[in-house]
Amino acid sequence: MEQEREPSKAPAPFLSPYNPLETEQKILQLWESADYANPDTMVAKGLTKTDAETYSIVLPPPNVTGTLHMGHAAMLAIEDILIRYNRMLGKRTLWVPGTDSAAIATQAKVEDEMYKKEKKTRHDIGRDELLKRIEVFTEESKATIINQVKKMGSSLDWSRYAYTMDETRYKAVMEAFVRMYEAGLIYRGRRIVNWDPKLQTTVSDDEIEYKEQKDPFYYFKYGPFVIGTVRPETKFGDKYVVMHPDDARYAEFAHGQQIDLEWINGPITATVIKDEAADMETGSGVMTITPSHSGIDFEIASRHGLDIEQVIDERGILLPIAGEFAGQHIKKARPMIVEKLKAKGLIEKIDENYVHNVSTNSRGGGVIEPQIKLQWFIGVDKEFSIPHSEMTGIATGSKTTLKKMMRQAVESGDVKIAPERFERVYYHWTEILRDWCISRQIWFGHRIPAWYRDDETYVGTQAPEGEGWVQDPDVLDTWFSSGLWTFSTLGWPEKTDDLKTYHPTSVLETGYDILFFWVARMVLMSGFLTGQVPFKDVYLHGLVRDGQGRKMSKSLGNIIDPLDMISKYGADATRLSLIIGAQPGNDLKLDENRVRGYKNFANKVWNITRFVLENTDGTEASLNAADEKLLAEAMELAAAVSDNIGKFRLDLAADLVYHYVWHRFADEIIEESKTVLKGTDEASLASRRSVLYRILNIFLRLLHPFMPFVTEAIWQELPVKDTDQLMVAKWPRA
RNA sequence: GCACCCUUAGCUCAGUUGGUUAGAGCGUUCGAUUCACAUUCGAAAGGUCUCAGGUUCGAAUCCUGAAGGGUGCACCA
């Protein structure tokens, strides 16, 4: 009968089953009060040697306005594992938290809501008022995301928290801009850029997302030629007709030859241009060009010194060059233009099912209209002499370009990318990289530190003296400040101790989808501004998808919310489900059943501990041969786990411990121990009790980086231990 | 168009430099249980390792080619 059962010898906290929700709350407080995530505390308390090897990671800052999603959760789990592991190895370990202002996305969100609620646009309320509203909004959501990050058990040093728009980071951004300007790497120029008519701003090449779309493809009679287009509305300014110099079909036409022909709004004179950009295989091999609204056309026009005329304005409205169509929006005008051409008998044929890619702004969705605009750029091919360099193969003062420097940083091995295949992707990207347009026509962000007065331009960290200066209204691309992240978070441009101690950082861990946006830009910025690579290793994780391999999205309704998982199964289980089965660089399919499975594992560990503590009080004893073997086996496991973590195979490392704990220790060693412990030989009993306790002690440490909560909770109840918290215990090493 | 990734049990995936009979988890079926744990334990069924060639004493693994799925880049007159 229940009442007659002997009272359990195990400590009272080992209630069954394990309750992650309650435990995790308590453990979070425990960690926070000890402040061991702060390396200064570790050094002050003598837990880390002052001259210990350093290990540092900067957290890829989540957007202030966002909420935690599974991608964040995976990132936090991976980085926390690396951090906890290295901290336990005795390294001086720092993980810097931060949030990102995400300029375009944030402003768009605030503007959207304002328009929905009040039917107002930013122009109705003005710059200052908009920025105020954005600040209110970001302050609110900042707290949300920070709180969620903490729930994952992330051992970040919050005393070093950074926000891309805080004062220190603002100073860094200004300083970076000015230095690059003075080196001639930042320039202002009139060039063709990606213009988003919806958000009224430029976007960089990398932010463009191509979407497939079906549109009619028109073939027009253009004098003696046939030209094709999906965009008749751009054709008003077309007065050059381009063909390949070797195209035999058009040998009779000479470069520069003028031809009179009938066009949309009457007779025009077209000029023949021979250029190798014209593909003989495509269509008729002849094309007209619209230099103002097409990158390639712009290049051709620049090559031959041709006139460049704007046809469409910033809002997508046709300009006076369109004659009777001027003032119309391109969308409305297109069918009318086609009608007119039809009436004039200038249509050769129409292909109704032409499938092509339309470029859109991935940060908000407008269809991109290339425009020629006066913007700020970073020149990636511009030669400069590097003011200071610690990078392999690049001497201080030597001449290089940003592009060459970015390539060299990886080629030299200063930066290693894992999985390795992404190195090739990185090289390819640097090869095709064009000058980076960094000015954005929005209001929220780091304002460009340039002032104009008549024909003068002043660039500096402070406004210039004197009357009449007007600051550039634009702000910087959000990736500009992100590029500084590894060193701006450590206090650059001040020569801080943190910078000296923790930069270059050890690892940059992020999703492969922002290799170009971010990783490459960090190498660029860090190389020029600090003379160092930003990190020694790049570890790229895959995307988290749903159980069927689909992207998680609101419209599919297949989003698995990490906070939901945490409250149902615990953060430990959520972490494991994002680690085991996730190969580096490959997408992970997440199924709720797996999370549930790992909750059971946490419970298993809990019960194993109860068994061990019911049978031993942690007293050391000399081990017999059989038990020595068991101990050696656990140490072999430790070595294998270390080896896999070192290779970024966290998935294999976690799986190894999981398997050992459940199927070796619990299923075999404990079962066998039940028999052994019934014996009468005191030495054997003591040996077995001791080895059970010692192995428990080993695998709790091995498990800690992966499941910090349950292991820490158990540690708190151990009768014999060498540190007050497991998170600062020593990693088992032979 | 170019490049890369994936294809192993019903599902998700291990399988590291080629080496006995290809493994795990989940699921399924059968059974157990006063025992640290029903959030458990034991067992079973389940495989043409996508296909076709090749190298080799030996191939899931290496090479060539093909198919299907996915991603990136480019093109987009």
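Both backbone and side-chain heavy atoms feed into the values below; hydrogens, waters and symmetry mates do not. Naming: A, B, ... by sequence-line order, numbering from 1 per chain.
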J.: With R424(A) as the cation and W429(A) as the aromatic partner, state whether NZ or CZ is under 6.0 Å from the six-membered ring centre and within 45° of the axis.
T.: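 No cation-pi geometry.
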J.: So what does G228(A) hit on the nucleic acid, given a heavy-atom distance under 4.0 Å: a base, only sugar-phosphate, or nothing?
T.: sugar-phosphate
J.: Under 3.5 Å, is there a donor-acceptor pair linking the side chains of S204(A) and E207(A)?
T.: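 Result is yes, a qualifying pair exists.
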J.: So if I take every side-chain heavy atom of I296(A) and compare against rC76(B), rA77(B), rG42(B), which nucleotide ends up nearest?
T.: rC76(B)
J.: Identify whether any heavy atom of D591(A) sits under 4.0 Å from a base atom; if not, whether one sits that close to sugar-phosphate; answer base, sugar-phosphate or nothing.
T.: nothing
J.: For I432(A), answer base if it contacts any base atom (sugar-phosphate contacts may also be present), sugar-phosphate if it contacts only those atoms, and nothing otherwise; contact means non-hydrogen atoms under 4.0 Å.
T.: sugar-phosphate
J.: For rG19(B), what is the paired nucleotide under Watson-Crick or G-U wobble rules, both distances under 3.5 Å?
T.: rC57(B)
J.: Looking at every strand, decide which applies to K589(A) at a 4.0 Å heavy-atom threshold: base, sugar-phosphate, or nothing.
T.: sugar-phosphate
J.: Counting heavy atoms from C-beta on, name the nucleotide in rC37(B), rG42(B), rC76(B) closest to the side chain of N603(A).
T.: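 For N603(A), the side-chain atoms sit closest to rC37(B).
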J.: Write down the partner of rA24(B) under the Watson-Crick or G-U wobble criteria, each distance required to be under 3.5 Å.
T.: rU12(B)
J.: Regarding R688(A) and S673(A), do their side chains bring together a donor and an acceptor under 3.5 Å, going by distance alone?
T.: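 Yes, a side-chain donor-acceptor pair sits under 3.5 Å.
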J.: Could you give the distance separating rC49(B) and rU7(B) at their P atoms, to the nearest angstrom?
T.: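 Per the computed distance, 14 Å lies between those P atoms.
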J.: By nearest heavy atom, map Y598(A) and I670(A) onto RNA chain B; which one lands nearer the 5' end?
T.: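 Result of the comparison: Y598(A).
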J.: R649(A) side chain: which of rC75(B), rC5(B), rG15(B) is closest?
T.: rG15(B)
J.: Salt-bridge test for K349(A) and D351(A): reply yes if a basic N is under 4.0 Å from a carboxylate O, no otherwise.
T.: no
J.: Classify Y18(A) by what it touches in the nucleic acid, base, sugar-phosphate, or nothing, heavy-atom distance under 4.0 Å.
T.: nothing
J.: Quick check on rC41(B): is either OP1 or OP2 less than 4.0 Å from any side-chain nitrogen or oxygen of H663(A)?
T.: no
J.: Heavy atoms only, 4.0 Å cut-off, all strands: where does A602(A) land among base, sugar-phosphate and nothing?
T.: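 Nothing, no nucleic acid heavy atom in range.
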J.: Any base atoms under 4.0 Å from A277(A), or only sugar-phosphate, or nothing? Heavy atoms, all strands.
T.: base
J.: I'd like the P distance from rU16(B) over to rG23(B), given in whole Å.
T.: 14 Å
J.: Side chain of V230(A) only, please: which of rA77(B), rC75(B), rA36(B) is the nearest?
T.: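 The answer is rA77(B), which lies nearest to the side chain.
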J.: Hey, is the side chain of K674(A) pairing donor to acceptor with the base of rC35(B) inside 3.5 Å?
T.: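 No, the side chain and the base share no sub-3.5 Å donor-acceptor pair.
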J.: For V286(A), report the nucleic acid contact type (base, sugar-phosphate, nothing); a contact means any heavy atom under 4.0 Å.
T.: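 Base: the residue V286(A), judged by heavy atoms under 4.0 Å, touches a nucleobase.
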J.: Report the nucleotide, chosen from rG15(B), rA36(B), rA77(B), that has the shortest atom-to-atom distance to any side-chain atom of E671(A).
T.: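 So the side chain of E671(A) is nearest to rA36(B).
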J.: Is W662(A) near enough to rC41(B) that one of its side-chain N or O atoms lies under 4.0 angstrom from OP1 or OP2?
T.: yes
J.: With sugar-phosphate meaning primed atoms plus P, OP1 and OP2, does F217(A) contact a base, only sugar-phosphate, or nothing at under 4.0 Å between heavy atoms?
T.: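 Sugar-phosphate contact only.
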J.: Can you check the distance between rU48(B) and rC35(B), where both ends of the measurement are the P atom (answer in whole Å)?
T.: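 It works out to 44 Å between them.
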J.: According to the Watson-Crick and G-U wobble definitions, with both distances under 3.5 Å, which nucleotide is paired to rG1(B)?
T.: rC73(B)
J.: Counting the atoms with a prime plus P, OP1 and OP2 as sugar-phosphate, which does L652(A) contact under 4.0 Å by heavy atoms, base, sugar-phosphate, or nothing?
T.: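 Here L652(A) touches the backbone only, sparing every base.
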J.: When you measure from the side chain of N586(A), which nucleotide among rC75(B), rC5(B), rA77(B) comes out closest?
T.: rC5(B)
J.: Decide if atom CD of E420(A) counts as having more than 12 heavy atoms of other residues, nucleotides or ligands within a radius under 6.0 Å.
T.: no
J.: Could you work out the separation of rG18(B) and rU56(B) based on their P atoms and round it to a whole Å?
T.: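 rG18(B) and rU56(B) have their P atoms separated by 16 Å.
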J.: Grab the CG-P distance between L543(A) and rG69(B) for me, whole Å please.
T.: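 One finds 21 Å between P of rG69(B) and CG of L543(A), rounded.
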J.: Pick the C1' atom in rA43(B) and in rU33(B), then give their distance to the nearest Å.
T.: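 Comparing C1' positions in rA43(B) and rU33(B) gives a spacing of 15 Å.
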J.: Given rA36(B), rC73(B), rC5(B), which nucleotide is nearest the side-chain atoms of F516(A)?
T.: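 When the side chain of F516(A) is considered, rC73(B) is the closest of rA36(B), rC73(B), rC5(B).
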J.: If the test is ring-ring contact (aromatic ring centres under 6.0 Å, His included), which one of F220(A), W263(A), F253(A) qualifies with F225(A)?
T.: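 The passing option is F253(A).
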J.: Should rA32(B) form a Watson-Crick or G-U wobble pair with both distances under 3.5 Å, which nucleotide is its partner?
T.: rU40(B)
J.: On the nucleotide rC4(B), are OP1 or OP2 found under 4.0 Å from the side-chain N or O atoms that R424(A) carries?
T.: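 For R424(A), the contact criterion (side-chain N or O under 4.0 Å from OP1 or OP2 of rC4(B)) is met.
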J.: Please determine, by modelled atom types, if H304(A) and D275(A) share a side-chain donor-acceptor pair under 3.5 angstrom.
T.: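 Present: a donor and an acceptor within the cut-off.
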J.: To the nearest Å, how far apart are D297(A) CG and rC75(B) C1'?
T.: 13 Å
J.: Between K551(A) and M280(A), which has a closest nucleotide on RNA chain B that is more 5'?
T.: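 Going by which nucleotide is closer to the 5' end, it is K551(A).
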J.: Looking at rA52(B), which nucleotide sits across from it as a Watson-Crick or G-U wobble partner, both distances under 3.5 angstrom, or is there none?
T.: rU64(B)
J.: Sticking with atom P, work out how far rG65(B) lies from rA3(B), rounded to a whole angstrom.
T.: 11 Å
J.: Does the cation-pi check pass for R407(A) over Y427(A), that is, NZ or CZ under 6.0 Å from the six-membered ring centre and within 45° of its axis?
T.: yes
J.: What distance, rounded to whole Å, do you find between the two C1' atoms, one in rC11(B) and one in rC57(B)?
T.: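 Per the computed distance, 38 Å lies between those C1' atoms.
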J.: I'd like the C1' distance from rU17(B) over to rG10(B), given in whole Å.
T.: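 To the nearest whole Å, 34 Å.
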J.: Just N and O in the side chain of N600(A): are any of them under 4.0 Å from OP1 or OP2 of rU40(B)?
T.: yes
J.: Tell me: CG of D651(A) to C1' of rA24(B), nearest whole Å?
T.: 13 Å
